Amino acid sequence: MTKNLGRTITPRTALLLLLLTATTFAQKPRPQKPAATAHFSGQNAYTITQQYLTAAPKRFVGSPGHTAAENFIKSHFAPEAAKGDVITDSFTATNTPIGSVPMRNYIVRFPGKKDGIIVLATHYETNYPLKDIAFVGANDGAATTALLIEIGNYLRVHPPQGYSVWLLFDDGEEALKDWSNTDSLYGTRHLAAKWSQDGTLTKIKAFLLADMIGDKDLNIDHDDNSTPWLRDLLVTAAKNTGHSANIYKNSYPGLQDDHLPFAQRGVPVLDLIDIDYGPPTAEHPEGGFHHTVLDTIDKVSPKSLQIAGDLFLELIRLINAR
Ligand SMILES: [Zn+2]
């Protein structure tokens with residue numbers, strides 16, 4: 001996410017990226033087999049991040065890489081698709097700065113035993129304005145897509161005993177030109193409106209968003225736009241899982257992210273985001289890895305993905321126990 005656009009490429013980075021890209025395209029993506037995992041594994045999530053980046057290094061809307069990203073996500077949920085629990089939400093974003101753009105959200109449902117839904121969400125595409133540089137969004141989109149896939153692997157073995165859990169892979173989070181209320185969050189704005197009309201929204205107990213939390217240097221920000229009781233629950237979840245040192249070092253007065261369209265319609269929301277990403281630069285005061293060619297797999301760690309997974313699963317448990 002964010003509003004800044006980075007275009008800094010040093011010659012050394014360019015060479016590295018050239019090599020990386022060459023390696024990437026030399027490897028043919030292997031077909032993905034749906035996995036089942038007894039315990040959430042940060043290492044698995046990291047491996048899936050690598051595989052996702054190999055299959056779809058650039059995933060901006062309308063590109064072949066975007067289609068590859070969709071296929072990658074779907075390939076991990078064949079058992080759920082067989083049960084009719086993978087929903088494709090196709091729509092066209094109209095009047096965008098680049099015209100009409102077909103987009104697709106994917107919802108994977110893990111039915112629970114209690115009436116009510118907990119949504120876990122991430123955007124899966126890459127930033128469109130960065131389409132002409134070697135931007136792969138390892139932390140910004142890829143790691144959290146892998147995080148949700150690995151949580152799905154866990155839920156396949158441990159079906160929800162309380163509320164249903166729905167994984168949402170949403171499209172068009174990023175601005176297509178310049179971040180504004182109308183140029184951003186296309187997928188979630190569409191889905192929040194749709195779920196408002198069909199009554200789904202009233203069943204959502206919590207909307208938990210993952211964004212940029214594969215960061216090696218992980219500290220989840222305190223976000224004023226998140227619902228207070230869910231922020232409190234994150235503090236408890238962090239304490240219970242031994243990750244208190246990884247949250248709320250920094251506070252932001254209202255982060256604009258995929259949770260907003262749901263918050264605006266009264267859904268309890270929590271954005272798990274670490275906006276500080278890399279050493280600050282003049283162009284990127286929030287961190288020089290954000291929206292630059294430096295957002296690569298080496299900035300992501302299995303440990304941070306483990307922390308993120310632990311927090312999400314504990315949050316689900318705590319929400320059910322309320
Ligand atoms: Zn972004």
Side-chain angles (χ1 to χ4, degrees), residues 1-7 17 21 24-25 29 49 51-77 86-108 121-149 167-195 209-212 214 256-262 273 290-293 295-296:
M1 73 151 282
T2 203
K3 306 154 200 180
N4 300 320
L5 312 177
R7 301 193 180 275
L17 277 156
T21 312
T24 298
F25 287 112
T49 308
Q51 291 167 343
Y52 188 52
L53 291 171
T54 302
K58 298 179 94 176
R59 308 175 293 283
F60 58 88
V61 291
S63 69
H66 190 281
T67 306
E70 293 172 70
N71 290 336
F72 183 92
I73 293 165
K74 286 187 277 185
S75 73
H76 283 80
F77 295 106
V86 177
I87 313 294
T88 305
D89 172 37
S90 300
F91 65 102
T92 301
T94 51
N95 300 316
T96 84
I98 60 165
S100 286
V101 184
M103 295 188 183
R104 281 169 295 279
N105 297 319
Y106 290 93
I107 300 117
V108 183
T122 175
H123 76 96
Y124 69 91
E125 95 287 13
T126 47
N127 188 289
Y128 185 85
L130 304 180
K131 67 185 171 64
D132 296 326
I133 66 165
F135 176 75
V136 300
N139 187 36
D140 190 359
T144 46
T145 296
L147 172 73
L148 260 56
I149 289 172
L167 307 178
L168 166 62
F169 300 88
D170 62 79
D171 204 357
E173 183 265 350
E174 303 277 7
L176 296 173
K177 192 161 179 275
D178 293 311
W179 188 284
S180 71
N181 289 341
T182 52
D183 186 17
S184 67
L185 313 180
Y186 291 96
T188 44
R189 281 192 288 131
H190 161 80
L191 193 61
K194 181 178 164 179
W195 280 354
L209 178 62
D211 198 2
M212 300 177 65
Q256 297 186 20
D257 208 348
D258 272 325
H259 58 326
L260 285 192
F262 291 88
I273 182 168
H290 187 215
H291 281 185
T292 71
V293 294
D295 183 1
T296 43

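Predicted, not measured: the structure shown is a model, and the values here were computed from it.
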Within the side chain of T126, is there an N or O that forms a donor-acceptor pair under 3.5 Å with the backbone of F60? yes

Short question: side chain of K58, backbone of I133 - any donor-acceptor pair under 3.5 Å? yes

Residues A175 and P129: closest non-hydrogen pair is O-CD, 3.3 Å

Could you check whether any side-chain N or O of R59 sits under 3.5 Å from a backbone N or O of Y124, counting only pairs where one atom can act as donor and the other as acceptor? yes

Check for a donor-acceptor pair, side chain of D295 on one end and backbone N or O of N139 on the other, with a separation under 3.5 Å. yes

Under 3.5 Å side-chain donor-acceptor pair for H123 and D258: no

Quick one: do H190 and M103 satisfy side-chain contact (heavy atoms from CB on, under 4.5 Å)? Show the steps, please. CA-CA 10 Å; H190 161 80; M103 295 188 183; over 6 Å; no

What one should report as the nearest heavy-atom pair of V61 and H66 is CA-CD2, 3.7 Å

So which heavy atom on A143 is nearest to which on G214, and how close? CB-CA, 4.1 Å

Between the main-chain N or O of T188 and the side-chain N or O of D170, is there a donor-acceptor pair closer than 3.5 Å? no

Whether E125 side chain and E174 backbone form a donor-acceptor pair below 3.5 Å: yes

Check whether any side-chain heavy atom of F169 sits under 4.5 Å from a side-chain heavy atom of T122, and report yes or no. yes

How are the rings of F72 and Y52 set relative to one another: parallel (under 30°), tilted (30 to 60°) or perpendicular (over 60°)? tilted

Given side-chain contact (heavy atoms from CB on, under 4.5 Å), test L185 with W179 step by step and report yes or no. CA-CA 9 Å; L185 313 180; W179 188 284; 3.9 Å; yes

Flag side-chain contact, heavy atom, 4.5 Å: I107 against W195: yes

Minimal non-hydrogen separation, I98 against Y128, with atom names: CD1-CZ, 3.5 Å

Exercise: identify the closest heavy-atom pair between A69 and A56: N-CB, 3.7 Å

So, taking the atom named CD in E173 and the one named CG in D257, what distance separates them when rounded to the nearest 0.5 Å? 5.0 Å

Using a 3.5 Å distance criterion without hydrogens, assess whether the side chain of R104 forms a donor-acceptor pair with backbone atoms of T67. no

Quickly, which of D171, T96, N105 forms a side-chain contact (heavy atoms from CB on, under 4.5 Å) with Y186? Name it, please. T96

From K131 NZ over to S63 OG, what is the distance, rounded to the nearest 0.5 angstrom? 10.0 Å

Do the side chain of D140 and the main chain of M212 share a donor and acceptor less than 3.5 angstrom apart? no

Measuring from atom CZ of R189 to atom CG of N181, what distance do you get when rounded to the nearest 0.5 angstrom? 8.0 Å

Report the C-alpha distance between V108 and H76 in whole Å, list the side-chain angles of each, state the deciding distance to 0.1 Å, and finish with yes or no for side-chain contact (heavy atoms from CB on, under 4.5 Å). CA-CA 10 Å; V108 183; H76 283 80; over 6 Å; no

Minimum heavy-atom distance P102-S100, with the two atoms named: CD-O, 4.0 Å

Taking L147's backbone N and O only, do any of them form a donor-acceptor pair with T144's side chain (distance below 3.5 Å, no angle check)? no

Just by modelled atom types, is the D178 backbone N or O under 3.5 Å from a matching donor or acceptor in the D183 side chain? yes

